[in-house]
Amino acid sequence: MAAPLKVLFVASECAPFAKTGGLADVVGALPIALRRSGVDVRIVMPLYAGMPWSEFEVLDGSLVVPMYWGQASARVRVGQLPRSDVPIYCLEYNRYFDRPYLYGPPSQGYSDNLERFTFLSRGALEICKALGFIPDVVHCNDWQTALVPVYLNTFEWAQPLHGTASIYSIHNLAYQGVLESGALFITGLGREHYNPGEFEHFGALNLTKAALYHSTLLSTVSPTYAREIQTGAYGCGLDGVLASRSRDLRGILNGIDVDEWNPSTDPFIPAQYDARHMAGKAKCKAALQKEAGLPVRDDVPIFGLVGRLTTQKGVDVLAHAMERILRWDVQLVLLGTGDPDAEEFFKRAEHERGERFRAWIGFDNGRAHRIEAGGDFFLMPSRFEPCGLNQMYSLRYGTLPVVRATGGLVDTVANYDEATGGGTGFIFNDLRADSLADTIGWATSTWYDRPDHIEAMRKRAMAQDFSWDRAAREYEGLYLDAYARRRGHAHGAQTSAA
Ligand code: ADP
């Protein structure tokens, strides 16, 4: 039998060890699903402060990583992703990673981030050579790993890794790794790479642009976002580059952790339930109202929102719609952290409208679960949304999403059809406060007037399959295509996508 496909994941975060967003969830889950279908997948990431380093085994010897200033000598620790045998190699280099934040304090990056992630990118390839693990494909994720495909085509070209294909996955195009042009020397690459095809972009150094040029194939986290980022409205300046590689760019919808987000086993919620036994959901609603200090009533719909309070998530639009929404007999609970202005606004609104609105400023996973379980509806008025996880959690919990038609929200939520009762949520197009309020009004009136439709939508929503196994099958296909592209012949592995 042919050897299994070998894949190395390189990432700057991985749940549950280090997380700032959805990227960590992907890196913590997709490799497990790939492993189940026979792919030899391993992960490389930094060892950050706060990770359970003592549970990881130290590998013998030290890893030498070439840097522009000389040779960095790092320790490598190996552990496993929880509930799996997926190896995770952590680069221990305290000068770069023993810090309070992954990337820097809120809304600031560390000034040496290019150096830190150059180290990660080169270090990942050095680990492969040191272990004798020569991957068929290196799967890179966002700008922190954008140099890997470049190194495969330059420093590693005549080395053991020359046949290794690269996949570059865009989790959020808003973060591209943009630096002033003089910083190129930190990557160790020669000045000849500073040209408009590779790193140069409007007079600055752009790491993502170079990755888009050098990677064998590209992916992003939903089919709609894959299309959107090729347009001026969503391409963040790289739409032209992405459009030029349109045929090599695939949108693969993220899965969710269906064990963590399962209303029939969830330990964070006061009563478990499933599509056939919904009594628990009513208890969760009452408990959520109580927790929020709102009137405990089953005859009023409750809307939830959990997420970063940033313009990406459209919370500014919600802020403008609040006055109209809270005139109706509805309840609204919000959990999030983010822009200080937004936090302040929602706290003030709570002060003024405490009988209908509760704002929790903070990060609280258990409470996020209770909002998903206790809500009737879940709001995501996103300006853009590469994939989005919360709408999938909501669907699984029978909490109907109210979303703007963008990115992964389009690919996961089906709009309510008044004629047939079809759909799984409520969708609006224009990012305006009135459109959001109208749509919340539409969901509210449906809740009051057509409870049979709401019940049918809930059941349909809860039956959707968002498991990682589906996504893993698509990634396997992508890896095999990348392999064939790089080597000029197909891989012989007996994987399910072969
Ligand atoms: P993004 O990655 O853009 O922030 P996603 O919807 O893809 O958005 O993923 C966000 C994840 O972080 C979800 O798992 C969500 O529940 C969680 N999350 C965000 N903010 C909070 C918060 N304040 N408390 C608890 N969980 C949160």
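Because only heavy atoms are used, hydrogens play no part in the values below, and waters and symmetry mates are left out as well, while side chains stay in. Counting convention: from 1, in listed order, for ligands and their atoms alike.
For ligand 1, the atoms closer than 4.0 angstrom to any heavy atom of G362 are 22 (C), 23 (N). Close contacts of ligand 1 with R308, meaning ligand atoms under 4.0 Å from a residue heavy atom, involve 1 (P), 3 (O), 4 (O). Of all atoms in ligand 1, numbered sequentially from 1 with element shown, those under 4.0 Å from a heavy atom of G21 are 2 (O). Taking every heavy atom of G22 and a limit of under 4.0 angstrom, the matching atoms of ligand 1 come to 2 (O).
Between the side chain of K19 and the backbone N or O of D25 there is no donor-acceptor pair closer than 3.5 Å. Formation of a donor-acceptor pair under 3.5 Å by the N113 side chain with backbone atoms of Y103 is found in this model.
Of all protein heavy atoms, the one lying nearest to atom 16 (O) of ligand 1 is N390 OD1, 3.1 Å. Considering only non-hydrogen protein atoms, atom 26 (N) of ligand 1 sits nearest to F363 CZ, 3.4 Å. Closest to atom 6 (O) of ligand 1 among all protein heavy atoms lies L389 N, 3.1 Å.
Between Y273 atom OH and D266 atom CG the span is 8.5 Å, to the nearest 0.5 Å.
Between R383 and D316, at least one side-chain N (NZ, or NE/NH1/NH2) sits under 4.0 Å from a carboxylate O, which counts as a salt bridge. E474 and R470 are joined by a salt bridge, as a carboxylate oxygen and a charged side-chain nitrogen come within less than 4.0 angstrom of each other. Under the 4.0 Å criterion applied to side-chain N and carboxylate O atoms, K283 and D298 are not assigned as salt-bridge partners.
Closer than 4.0 Å to atom 22 (C) of ligand 1 lies at least one heavy atom of the protein.
In this structure, C387 falls outside the shell of residues with a heavy atom less than 4.0 angstrom from ligand 1. Within the structure, the closest approach of Y393 to ligand 1 falls below 4.0 Å when heavy atoms are considered.
Using a 4.0 Å cut-off between heavy atoms, D364 contacts ligand 1 through its backbone alone, with no side-chain atom that close. Counting heavy atoms under 4.0 Å from ligand 1, residue N172 does not touch it at all.
Of the listed residues (F428, W442, F377), just one forms a ring pair (Phe, Tyr, Trp, His ring centres under 6.0 Å) with Y416, and that residue is W442.
Note: F268 and H369 have tilted aromatic rings, judged against thresholds of 30 and 60 degrees for the angle between ring planes.
Pairing each heavy atom of V27 with each of A11, the nearest pair is CG2-CB, 3.6 Å.
Compare H369, K313, E385 by their heavy atoms: the one nearest to atom 8 (O) of ligand 1 is in K313.
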